K.L.:
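What follows is a single structure, and I will ask about it in a moment.
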Amino acid sequence: MCGRYTLVNSREALEKAFGAAFPEGNESYNVAPSQKVLAVASSTEQTKAGWLQWGLIPSWADDKKIGHKMINARAESVDTKPAFRHLLERRRCLVIADGFYEWDREGGTKQPYRITVDNEEPFAFAGLWDRWEGKEETITSCTIITTEANDLMQNIHHRMPVILDEEARKTWLDPHETDKQVLKSLLQPFDASRMAIYPVSTEVNSPKHNHAALIERKG
DNA sequence: CCAGACGTTGTT
DNA sequence: GTCTGG
DNA sequence: CCAGACGTTGTT
DNA sequence: GTCTGG
């Protein structure tokens, strides 16, 4: 599954990699739920890059705290769950990253790993977003979709975030594509041969920590 | 009909 | 808002 | 995801 | 144990 990731590339590097304009923001070695994530969101009106709050707060929520529980959505059921099915048709997004963390909890210990794609190139998670209008604030938030683990990740975990390649990204962001079966078919485990994994320090466990040493190979 | 949930992960 | 359960 | 709090009253 | 915050 996916509950922590990195975005350490500069804005310029990301714009070059995706051929799109991105807003200003800070790099992070430890992006955690509840924080702002860089996303490209589509709707019937427009497709736009911006910073969204990680942890989906549905428009109907009467308490924004529900977002703490909605950091991921299962690909297998995203087209049927009441909280997500409507968003699959109308509010899809990409969440921009260049690595993500996953913990292996064998034998009572928790060993974190960092996983990268295409020799540490930036990539995109598949996500859904929504806008919540509270009494005193409006929050635009998102969730990251998960699927079963590929061969690379199976050893440490049975789930992984959905990563979309360039072709799939176009379809995912196409507001005219509303066929839920077509969209759902994009939500597959990523090609393991294009990914790499290495252990990192447990210092990453705390969301308060955020510095370059977090992505160094440990041991 | 109204009330209440709406989610994932992992562990037992 | 929409679905499920009672 | 993990870490850290989880409570009230009253006083500074 | 469970919820909140980052």
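Residue numbers start from 1 in every chain, and the chains themselves are labelled A, B, ... in the order their sequence lines are given, proteins ahead of strands. From a predicted model like this one, the values you see are computed outputs, not experimental measurements. Side chains are part of it too, since the values below use all heavy atoms of this structure and drop only hydrogens, waters and symmetry mates.
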K.L.:
Using modelled atom types only, decide if a donor and an acceptor are shared between the side chain of A/Asn72 and the backbone of A/Gly3 within a distance under 3.5 Å.
P.N.:
no
K.L.:
With ring centroids as reference points, do A/Trp54 and A/Phe125 lie under 6.0 angstrom apart?
P.N.:
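Aromatic pair excluded; centres sit 6.0 Å or further apart.
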K.L.:
In whole angstrom, what separates A/Asp63's CG from B/dG4's P?
P.N.:
17 Å
K.L.:
Report yes if the side chains of A/Ile96 and A/Phe22 come closer than 4.5 Å at any heavy-atom pair, otherwise no.
P.N.:
yes
K.L.:
In whole angstrom, give the distance that lies between atom CE of A/Met70 and atom C1' of B/dT9.
P.N.:
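The answer, rounded to whole Å, is 15 Å.
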K.L.:
Using a 4.0 Å heavy-atom cut-off, does A/Tyr5 contact any base of the nucleic acid, only the sugar-phosphate backbone, or nothing at all?
P.N.:
nothing
K.L.:
Applying salt bridge (Lys or Arg N to Asp or Glu O under 4.0 Å) to A/Arg11 and A/Glu15, what does each step give before you reach the verdict?
P.N.:
CA-CA 6 Å; A/Arg11 183 171 65 94; A/Glu15 291 185 332; 3.3 Å; yes
K.L.:
Please give the nucleotide sitting opposite D/dC2 as a Watson-Crick or G-U wobble pair, both distances under 3.5 Å, or none.
P.N.:
E/dG5
K.L.:
First and last nucleotide of DNA chain C in contact with chain A, 5' to 3', at under 4.0 Å to a heavy atom: what are they?
P.N.:
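Range of nucleotides touched by chain A: C/dG1 to C/dC3.
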K.L.:
Between A/Glu148 and A/Arg159, does at least one N-O distance fall below 4.0 Å, as a salt bridge requires?
P.N.:
no
K.L.:
Roughly how many Å is it from CD in A/Glu203 to C1' in D/dC2, rounded to a whole number?
P.N.:
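Checked: the CD to C1' distance equals 14 Å.
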K.L.:
Would you indicate what A/Thr146 reaches in the nucleic acid, counting non-hydrogen atoms under 4.0 angstrom: base, sugar-phosphate, or nothing?
P.N.:
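Sugar-phosphate, backbone atoms only, no base.
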K.L.:
If I take atom CH2 in residue A/Trp103 and atom C1' in nucleotide B/dT8, what distance separates them, rounded to the nearest angstrom?
P.N.:
15 Å
K.L.:
Can A/Ile156 be reached from A/Val117 by stepping across I, L, V, M, F, W or Y side chains whose heavy atoms are under 4.5 Å apart?
P.N.:
yes
K.L.:
Rounded off to whole Å, could you give me the CD1-to-P distance for the A/Ile66 and B/dT8 pair?
P.N.:
12 Å
K.L.:
Scan every strand shown for a Watson-Crick or G-U wobble partner of B/dT8, both distances under 3.5 Å, and answer none if you come up empty.
P.N.:
none
K.L.:
To the nearest 0.5 angstrom, please state how far the CD atom of A/Gln35 sits from the CG atom of A/Leu52.
P.N.:
13.5 Å
K.L.:
Where the side chain of A/Lys208 is concerned, which of D/dC1, D/dG4, B/dT9 is the nearest nucleotide?
P.N.:
D/dG4
K.L.:
Can you tell me how far C1' of B/dA5 sits from CZ of A/Phe84, to the nearest Å?
P.N.:
13 Å
K.L.:
Determine the Euclidean distance between corresponding C1' atoms of B/dA5 and E/dG6; express it in Å to zero decimal places.
P.N.:
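27 Å, rounded to whole Å.
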K.L.:
If you compare every side-chain N and O of A/Arg85 against the phosphate oxygens of B/dC6 (OP1, OP2), does one of them come in below 4.0 Å?
P.N.:
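No, outside the criterion.
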K.L.:
Taking 4.0 Å as the cut-off, does a side-chain nitrogen or oxygen of A/Arg74 come that near to OP1 or OP2 on B/dT8?
P.N.:
no
K.L.:
Closest to the A/Arg105 side chain: B/dC6, D/dC1, B/dT8?
P.N.:
D/dC1
K.L.:
Checking the side chain of A/Trp172 only, and the main-chain atoms of A/Glu167 only, is there a donor and an acceptor separated by less than 3.5 Å?
P.N.:
no
K.L.:
Answer yes or no: is there a side-chain heavy-atom contact under 4.5 Å between A/Arg74 and A/Lys81?
P.N.:
no
K.L.:
OP1 or OP2 of B/dT8 versus the side-chain N and O atoms of A/Ser77: is any pair under 4.0 Å?
P.N.:
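Checking B/dT8 against A/Ser77, a side-chain N or O does come within under 4.0 Å of OP1 or OP2.
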K.L.:
Taking the same atom, C1', in B/dT9 and in D/dC2, what whole-Å distance lies between them?
P.N.:
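So the two C1' atoms sit 13 Å from each other.
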K.L.:
Between D/dC1 and B/dT8, how far apart are the P atoms? Round to whole Å, please.
P.N.:
12 Å
K.L.:
Round to the nearest Å and state the distance from A/Lys110 atom NZ to B/dT9 atom P.
P.N.:
17 Å
K.L.:
B/dC6 base stacked by A/Trp60? Criteria: ring centres under 5.5 Å, plane angle under 30°.
P.N.:
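A stacking contact exists, since A/Trp60 sits close and nearly parallel to the base ring of B/dC6.
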K.L.:
Would you classify A/Ala61 as touching base, sugar-phosphate or nothing, given that sugar-phosphate means primed atoms plus P, OP1 and OP2, and contacts are heavy atoms under 4.0 Å?
P.N.:
nothing
K.L.:
Using a 4.0 Å heavy-atom cut-off, does A/Ile71 contact any base of the nucleic acid, only the sugar-phosphate backbone, or nothing at all?
P.N.:
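Base contact - A/Ile71 has a heavy atom under 4.0 Å of at least one base atom.
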K.L.:
Please state how far atom CD in A/Glu102 lies from atom P in B/dT8, giving the value in whole angstrom units.
P.N.:
16 Å
K.L.:
Identify whether any heavy atom of A/Ser34 sits under 4.0 Å from a base atom; if not, whether one sits that close to sugar-phosphate; answer base, sugar-phosphate or nothing.
P.N.:
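Base contact - A/Ser34 has a heavy atom under 4.0 Å of at least one base atom.
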